Engineer: 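Pasting a structure below so you can have a look.
Bear in mind the structure is a predicted one, so any value in this text is a computation, not a measurement. Each chain gets a letter, A, B and so on, in the order its sequence line appears, and its residues count up from 1.
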There are 2 protein chains.
Amino acid sequence: MAPQRKPPSLGCLTDHVGFHLRLAQLAVFKHFESALGEIGVSPAIYSVLEVLHDNPGITQSKLAIAVRLDRSSMVPMLDKLGKRGLVERQASTTDRRHNHLFLTKEGEALLADARARASAHEKQVCSCLSAEEKKNLLALLDRFGG
Amino acid sequence: MAPQRKPPSLGCLTDHVGFHLRLAQLAVFKHFESALGEIGVSPAIYSVLEVLHDNPGITQSKLAIAVRLDRSSMVPMLDKLGKRGLVERQASTTDRRHNHLFLTKEGEALLADARARASAHEKQVCSCLSAEEKKNLLALLDRFGG
DNA sequence: GACCAATTGTTTGATGTCAACTTGTTTGGG
DNA sequence: CCCAAACAAGTTGACATCAAACAATTGGTC
């Protein structure tokens, strides 16, 4: 009988940039997980490692702002990364409110691996775009999040 | 002394389309919430109402697939929408596994309001894009999310 | 120098989402 | 016919995230 299932209509939803953003992010993040989940690196963790590598000694609040997470979300994440021996919290001597954060040797090593995988992932996930198109896309996206 | 706080460097993070997607979605969804939160409509709820309006009698699983949520996430959401009197679950007579879903009068009314607000929101959030650019952006995003 | 506002990391509670499993129902091949 | 496989909705547990409240600490102002 082949019920001839037409996919349900999405209506005006297709006009909303937010919906397309969500679908795109869903697909890209899923692909990221399949590429880096194996080494225990989620998109959020990867962004933390990158920023930490580039800004040794940064404080938790500044890190949270940089990766656009809540400062309270940072706590359990750094706890976990600390337990894995990837990140060190070092209490500041000059201002006892601050924690300075550093990647350990192991953290740097994992980041190197993660970078290679993330780079490959990025290539695959953007294989449907020319270099020009990708540059264009990033520029357009930055108009919102900038 | 003006500590001349440079914002922390994001490193290679800026090359990753996933990161830009997240920032953009964050900004757009936040704006959406500020425009429709007042009437208790989140992006997910709005997408459900739209698809429900366009596909009366659709089943929960099909709805979940359409809006790209997990089947199991649909349950508490429909419970809540049901309690608000916006959606009706109607057990199928031909296949007792299925629930057919319908917007109530109140659901339709709320959707009308939500649509007006969402449309205004969309205009504001895309005010930084020309019509051409938006069309281009949506086309590029669809290459990922299909 | 003593209060007061701002800042930092943390804790707690609420929410939204997924994945795995359960239960009831249908369907199709032997 | 019958039983196994497929399937729908629901339940449970885990997890990430945010917002609000909190304690400790600093800095500025009178």
Engineer: Closest approach to the side chain of B/R71, judged atom by atom: which nucleotide of C/dC21, D/dC18, C/dT8 is it?
Structural biologist: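 For B/R71, the side-chain atoms sit closest to C/dC21.
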Engineer: Measuring to OP1 and OP2 of D/dA16, would you say a side-chain N or O of A/S73 lies under 4.0 angstrom away?
Structural biologist: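 Indeed not, no polar side-chain atom of A/S73 lies that close.
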Engineer: If only side-chain N and O atoms of B/R89 are considered, is one of them under 4.0 Å from the OP1 or OP2 phosphate oxygen of D/dG10?
Structural biologist: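 Answer yes for this pair, as a side-chain N or O of B/R89 is under 4.0 Å from OP1 or OP2.
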Engineer: If we only count heavy atoms from C-beta on, is the A/L137 to B/R143 side-chain gap below 4.5 Å?
Structural biologist: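 A/L137 does not reach B/R143 side chain to side chain.
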Engineer: OP1, OP2 of D/dG10 versus side-chain N and O of B/S72: anything below 4.0 Å?
Structural biologist: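 No, B/S72 has no side-chain N/O under 4.0 Å of OP1/OP2 on D/dG10.
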Engineer: Can you measure A/M74 atom CE to C/dT11 atom P for me and round it to whole angstrom units?
Structural biologist: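 Taking atom P of C/dT11 as the reference, CE of A/M74 is at 15 Å.
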Engineer: What N/O pairs connect the protein and nucleotides 24-28 of chain C at under 3.5 Å? Give each pair on its own line.
Structural biologist:
residue: C/dT26; atom: OP1; partner: B/R96; partner atom: N; Å: 3.3

Engineer: Just verifying a value: how many Å separate A/L21 CG and A/L141 CG, rounded to the nearest 0.5 Å?
Structural biologist: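 It is 6.5 Å, given to the nearest 0.5 Å.
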Engineer: To the nearest Å, how far apart are B/E33 CD and D/dC18 P?
Structural biologist: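 That distance rounds to 13 Å.
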Engineer: Under the side chain to side chain contact (heavy atoms under 4.5 Å, CB included) rule, collect the residues that match up with B/K80, sequence neighbours excluded.
Structural biologist: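 Result, side chain to side chain contact (heavy atoms under 4.5 Å, CB included) vs B/K80: none returned.
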Engineer: To the nearest Å, give me how far apart CD1 (A/I65) and C1' (D/dC18) are.
Structural biologist: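 Whole-Å distance recorded here is 15 Å.
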Engineer: When you check the phosphate oxygens OP1 and OP2 of C/dT15, does a side-chain N or O of B/K80 lie under 4.0 Å from one of them?
Structural biologist: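 So the side chain of B/K80 is outside the cut-off, no N or O lying under 4.0 Å from OP1 or OP2 of C/dT15.
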Engineer: Test your reading of the model: is there a side-chain donor-acceptor pair from B/R84 to the backbone of B/G40, 3.5 Å cut-off?
Structural biologist: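 Answer holds: yes.
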Engineer: In whole angstrom, what separates B/L78's CG from C/dT17's C1'?
Structural biologist: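 Value for this atom pair: 15 Å.
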Engineer: Out of B/M74, B/R89, B/E88, which one pairs with B/N99 under the side chain to side chain contact (heavy atoms under 4.5 Å, CB included) rule?
Structural biologist: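 So the option named by the test is B/R89.
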Engineer: Taking atom C1' of D/dA9 as reference, at what distance in whole Å does atom CD of B/Q90 sit?
Structural biologist: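 So the CD-C1' distance, B/Q90 to D/dA9, works out to 16 Å.
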Engineer: For DNA chain C, whose closest nucleotide is more 5', that of A/K30 or that of B/S42?
Structural biologist: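 It is B/S42, whose closest nucleotide lies nearer the 5' terminus.
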Engineer: What is the distance, rounded to the nearest whole Å, between atom CG of A/L23 and atom P of C/dT17?
Structural biologist: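 After rounding, the gap between these two atoms is 13 Å.
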Engineer: Measure from CG on A/L63 to P on D/dT17 and round the result to the nearest Å.
Structural biologist: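 Taking atom P of D/dT17 as the reference, CG of A/L63 is at 12 Å.
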Engineer: Using the closest heavy atom to pick a nucleotide of DNA chain D for each, name whichever of B/D70 or A/A44 lands nearer the 5' end.
Structural biologist: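 So the residue in question is B/D70.
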Engineer: In whole angstrom, give the distance that lies between atom CD of A/Q25 and atom C1' of D/dA16.
Structural biologist: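 Checked: the CD to C1' distance equals 13 Å.
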Engineer: Quick one: does A/K134's side chain have a donor or acceptor within less than 3.5 Å of a partner on B/D15's backbone?
Structural biologist: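 Yes: the side chain of A/K134 pairs with the backbone of B/D15.
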Engineer: Mark yes or no for whether A/S9, through its side chain, and B/D54, through its backbone, hold a donor-acceptor pair below 3.5 Å.
Structural biologist: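 Between the backbone of B/D54 and the side chain of A/S9 there is no qualifying donor-acceptor contact (under 3.5 Å).
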